[in-house]
Protein chains: 2
Amino acid sequence: MTRANRDDVARLAGVSTAVVSYVINNGPRPVAQATRERVLAAMDELSYRPNASARALKLARTSVIGLLMSDITNPFFSEFAMFLQGQAHARGYGLMIANTRQENAEETAELQSMLARGVDGIAVYGARRPETLSAIVRSGVRAVSMDWHLTASDVPSIGIDDYGATTQAVEHLLGHGHSEVAFIAGTDDLTLRVRAWSDTMRTRCTPERLAQLRVTGDFTREGGYDAATTLLELPDPPRAIFVSTDVQAFGALAAVRDLGLSVPADVAIVSFDGTNASAFTSPPLTAIRIPQDRIAQLCIEKLTSVPSAEPMHSTFPHELVIRESCGCHPRSM
Amino acid sequence: MTRANRDDVARLAGVSTAVVSYVINNGPRPVAQATRERVLAAMDELSYRPNASARALKLARTSVIGLLMSDITNPFFSEFAMFLQGQAHARGYGLMIANTRQENAEETAELQSMLARGVDGIAVYGARRPETLSAIVRSGVRAVSMDWHLTASDVPSIGIDDYGATTQAVEHLLGHGHSEVAFIAGTDDLTLRVRAWSDTMRTRCTPERLAQLRVTGDFTREGGYDAATTLLELPDPPRAIFVSTDVQAFGALAAVRDLGLSVPADVAIVSFDGTNASAFTSPPLTAIRIPQDRIAQLCIEKLTSVPSAEPMHSTFPHELVIRESCGCHPRSM
DNA sequence: TTGTAAGCGTTATCAT
DNA sequence: ATGATAACGCTTACAA
């Protein structure tokens with residue numbers, strides 16, 4: 001039972017192949033109602049499904065967009081993937097997903113794989129090689145970057161005000177009476193978050209202490225666990241920590257608990273991302289929420305609509321969601 | 001700068017188009033070393049990249065496989081997606097992901113979208129409509145199901161011994177001195193888990209109590225939260241709960257905490273899935289671990305290698321990972 | 001070892 | 001309103 005093609009449908013409906021196309025695509029020529037119905041009946045009869053490859057070859061586009069991201073198991077990224085998939089589907093696009101596992105080599109390989117498959121555009125979130133964006137551009141494929149730290153003047157980017165959000169988070173902790181706020185960073189610099197934190201803290205402690213209060217870890221639970229452990233085993237451990245991503249905060253919570261301490265009584269924590277998962281930790285995390293749904297929507301728009309003179313960089317408003325980990329929530333007082 | 005095609009390369013290298021193909025595909029005819037180098041040089045010179053659509057049209061396969069799953073933000077599924085993506089990539093396949101959001105309508109729509117895009121095979125994990133599997137089969141696309149509860153005799157399936165694993169988990173809790181173990185189920189019946197639990201508990205309580213101890217919730221944190229709340233607000237609340245998935249357990253942990261109780265002192269919990277995330281909750285979850293990596297590997301094998309007379313259903317061994325939520329871990333005693 | 005050319009299933013132009 | 005037909009870029013049988 002080999003699959004029916006357009007010729008079979010045309011033959012059965014007693015029309016030419018062109019008419020079948022007109023019916024399928026609602027154009028570019030009109031088709032008489034009676035004819036259309038005969039064609040539709042024939043398609044149904046033969047369980048006809050258009051061949052996507054042939055169509056893509058002819059139209060020179062696949063209607064598939066790619067998402068290149070660093071870690072699909074990180075809820076921050078998987079929530080974005082969910083939104084992006086929904087938006088893509090709504091516009092008739094499929095979504096192909098690639099995972100770099102936060103490794104340069106995989107980033108290159110996965111990107112090549114996507115390009116080789118002829119995706120019409122690529123969304124990049126969590127990449128680390130500047131080369132990645134320029135390679136996409138060079139290949140003639142459209143790109144949108146959610147990676148603030150990767151600069152590429154010819155690629156539109158979308159994000160939030162990282163500097164402002166971090167400042168707000170750190171000041172929120174300072175407002176709770178903490179004189180020091182430590183910082184758990186990622187292995188890839190989230191430059192603006194680091195800078196905002198140091199700008200806020202610089203006047204409050206010595207450069208030595210500042211260096212001590214900043215610990216780097218992978219963007220994983222394990223990374224956050226280790227980083228928090230390092231901080232809390234300091235001779236003079238901080239009582240407040242700003243964690244630059246939710247997954248790291250999940251790890252930090254586990255570390256605090258394993259040291260027999262509690263959040264927020266012994267250590268106050270504010271995180272960054274505001275994933276749904278961050279609302280279900282013990283205690284729930286106070287966090288800067290990034291509006292992933294809106295970012296995904298704009299991302300698909302930029303990827304699929306005709307290029308325009310829109311701003312190259314779009315910034316969405318963030319929100320500090322107060323939950324229990326920082327200490328000012330009614331439940332934690 | 002329109003993209004170079006095979007003709008351009010052939011012209012520049014001074015060979016026929018066939019030779020270019022032979023070089024790209026390493027066959028089916030041999031090519032002289034000198035010629036090969038000229039071709040490679042020309043490809044490089046023109047930044048030539050083969051057109052995947054044309055290739056797919058000619059070969060009648062896309063080298064893309066699809067993953068139809070219920071919720072990409074559920075770590076259980078996203079971890080599987082990660083493994084599947086790795087395995088697929090290793091074999092030269094791309095992965096297209098579809099998300100059903102646990103809704104029948106989306107399941108149908110996403111499946112159609114994948115079929116329309118001509119994927120070579122589809123992995124199904126977390127589907128709820130029996131129709132889904134048969135629709136894939138009818139379309140002539142290969143399928144592998146990780147959904148034990150969807151029966152389709154002509155589709156290979158992969159899983160673990162759900163009945164045995166559940167029995168083991170429930171008995172583990174009973175072994176801690178609990179006379180009753182409640183059960184948080186999903187909205188889609190994980191039939192074997194339900195049956196194993198009731199078979200174990202039936203002899204220990206009245207049918208009325210049995211019904212009371214079984215609560216149903218979405219496969220989400222919220223679902224687990226609500227279900228656990230219902231259980232714990234019972235006049236005579238259970239002291240031990242078996243939760244049928246990790247995400248629901250995450251919610252259950254939050255519910256226990258919000259009621260001012262603690263795990264495992266007031267309520268012991270054993271979960272099912274054993275995601276990486278389950279190792280970082282407070283307290284870490286004792287859970288049945290499903291070997292997603294091995295399942296993903298076999299899944300890709302079945303999807304991409306020639307159909308053989310292998311067993312239709314493959315069962316992998318599970319493992320009860322003892323952590324702190326059940327109460328017998330050194331740290332929690 | 002290399003070249004020629006048919007054909008994969010579409011779309012859309014140009015006739016009718 | 002409908003039909004005939006030339007691409008789209010590739011693979012491969014067959015010829016040389």
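Quantities reported herein were computed from a predicted structural model and do not represent experimental measurements. First the proteins, then the strands, lettered A, B, ... as listed; each starts at 1.
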TODO: Run the numbers on A/Glu110 and A/Thr100 for side chain to side chain donor-acceptor pair (under 3.5 Å), then give the verdict.
DONE: CA-CA 7 Å; A/Glu110 293 292 338; A/Thr100 69; over 6 Å; no
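Between B/Arg55 and the phosphate of D/dT11, there is a side-chain N or O to OP1/OP2 separation shorter than 4.0 Å. When the side-chain nitrogen and oxygen atoms of A/Thr35 are compared with OP1 and OP2 of D/dT2, one or more of them lie within a distance under 4.0 Å.
A donor atom on one side chain and an acceptor atom on the other are found under 3.5 Å apart for A/Tyr125 and A/Gln292.
B/Asn26 has its CG atom 16 Å from the C1' atom of D/dC10, to the nearest Å. Here the P atom of nucleotide D/dA1 and the CZ atom of A/Arg29 are 9 Å apart, to the nearest Å. Computed from coordinates, the B/Arg6 CZ to D/dA7 P distance equals 15 Å when rounded to whole Å. If you take CG of B/Asn25 and P of D/dA13, they are 12 Å apart, rounded to a whole angstrom. Atom CG in A/Leu57 sits about 13 Å away from atom C1' in D/dA6, given to the nearest Å. Between the CZ atom of A/Arg36 and the P atom of D/dA1 there is a distance of 10 Å, given to the nearest Å.
Considering only the side chain of A/Lys58, D/dA6 comes nearest among D/dT11, D/dA6, D/dT2. The side chain of A/Val19 sits closest to D/dT2 out of D/dG9, D/dT2, D/dT5.
Across all strands, B/Val20 comes closer than 4.0 Å to no nucleic acid atom at all (heavy-atom distances). Using a 4.0 Å heavy-atom criterion, one finds that B/Ala32 contacts the sugar-phosphate atoms exclusively. Contacts of B/Asp7 with the nucleic acid, taken as non-hydrogen atoms under 4.0 Å apart, are absent. Across all strands, B/Leu59 comes closer than 4.0 Å only to sugar-phosphate atoms, never to a base (heavy-atom distances).
If you take CG on B/Asn51 and NZ on B/Lys58, they are separated by 14.5 Å, rounding to the nearest 0.5 Å. Between A/Leu115 atom CG and A/Leu111 atom CG the span is 4.5 Å, to the nearest 0.5 Å. B/Thr17 contributes atom OG1, which lies 11.5 Å from atom CG of B/Asp8 (distance to the nearest 0.5 angstrom).
Using a 4.0 Å cutoff to heavy atoms of chain A, the contacted part of DNA chain C runs 5' to 3' from C/dG9 to C/dT13.
Judged by distance alone, with hydrogens and angles left aside, the side-chain atoms of A/Gln85 form a donor-acceptor pair with the main-chain N or O of B/Ile97 at under 3.5 Å.
Summarising the local packing, CZ of A/Arg61 is surrounded by 12 or fewer heavy atoms from other residues, nucleotides or ligands at distances under 6.0 Å.
DNA chain C is contacted by both A/Ser53 and B/Gln33; B/Gln33 maps to the nucleotide lying nearer its 5′ end (nearest heavy atom per residue).
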